[in-house]
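Just below is one structure, and these are the notes that go with it.
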Amino acid sequence: MALSDSTPQEREDEIALRALRMQSSTSLMKEGIRWGGVIGGLYVGVYLPVSALAGDVTVATIAIDFLTSFKVNTTVSVTLAGGGVLYGYRERRLRQRTIARLQGHIRRLERKVNPERTSSNLTPQGRTNPGDEI
Amino acid sequence: MITPSMAAAAVSTGIMLVFLWVLIFWCYRVYRIDLYRERMFALREELFVLALDGKIQFSDPAYELLRSTLNGFIRFGHQVSLIDYFVVARSFTRQLAQNPEESFSHRFDSAVADISEDVQPKLRKIARKMNLFTFEQMVIMSPLVVLSVVPFLVLLIAGFAGFELSRWMLSWRWIGRSMEPVDSAALRLGRAGDRFLAST
């Protein structure tokens, strides 16, 4: 059925269905990019050096020159270590942000029901109250 | 001549590169999806509190429209990227041009017009923030952008400018206009999800 002949409700469902179909195709594309990078990295970083040791010294030599360069090695290791630390820190902040949002929401709703509610007195982020630390 | 120590150094760098790729395209990606959903949950909560305080009714079309759209974005937050944007925009732009009364912005504007004037800016701010966060998510989640220097520059500028930059970006009307197909798709997906839940 053509979309222009259908009712608004049918058009709405049809659009939702079409969006879901399109998402499955773009998911495939994105997975291809992600896994392509891993496979490409393993090929250049592991397969080529090993094949070079076995005597095949053409493309592999260029790749090895690049990968063993001090600058590349240092940049990659520092970025990986720094990225890992930053990732952990951001994840922790996100967790605290979620706790603060949920705690505020629960407090607001509970106060509506019971204005005399008591509290554990943790910080909004769910950390120990500074006054309770010995 | 390739020596074993050179090959070992190359392999260790190669493996580190693969881990870096995994950090960016798996760990960081999951973090960004969680962050995006958290922002959308916060906006939905902001909307809920407006209704809880009696500034807007739970049955108002503006409330229902924004909530369904936010639900659509929350549910399909893992799919928000530039690739999806171009596919959705290409498919829906003509469709929305044929039936402009079914577009998100048209429905939202007419629904908000019925709300009291002091609450209207609050609802529009929630909608603008929704678009800004979705726009940011699309840019950050694009593999090509991630591999370029753009996100680092954006993070650096955002870090310095902070809230002022966000306020300035919220005033960009073109973000709202260019997000129209995605908003409309999210609204349909959110509503389809609501109907599915109601039927089960």
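Labels below follow one simple rule: chain letters A, B, ... track the order of the sequence lines, proteins then strands, and each chain is numbered from 1.
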Which bit of [X] comes within less than 4.5 Å of chain A, counting heavy atoms only: side chain, backbone, both or neither?
| X | value |
| --- | --- |
| B/S12 | side chain |
| B/V18 | side chain |
| B/F48 | side chain |

- Message: Is A/L42 close to chain B through its backbone or its side chain, or both, or neither, when contacts mean heavy atoms under 4.5 Å?
- Response: both
Do you know which of [options] has the most heavy-atom pairs under 4.5 Å to chain A?
| options | answer |
| --- | --- |
| B/V22, B/I24, B/L52, B/V30 | B/L52 |
| B/R29, B/M16, B/E38 | B/E38 |
| B/F19, B/F25, B/W26 | B/W26 |

- Near A/Y87 OH, under 6.0 Å, is it more than 12 heavy atoms from other residues, nucleotides or ligands? yes
- Query: If only atom types and distance count, is the side chain of B/W21 paired as donor or acceptor with the main-chain N or O of A/W35 below 3.5 Å?
  - Reply: no
- Between A/G84 and B/L23, what is the shortest heavy-atom contact and its length? N-CD2, 3.7 Å
- Query: With a 4.5 Å heavy-atom cut-off, do B/L17 and A/V72 have their side chains touching?
  - Reply: no
- Message: Let me confirm one number: the CG-OG1 distance from B/D84 to A/T26, rounded to the nearest 0.5 Å.
- Response: 3.5 Å
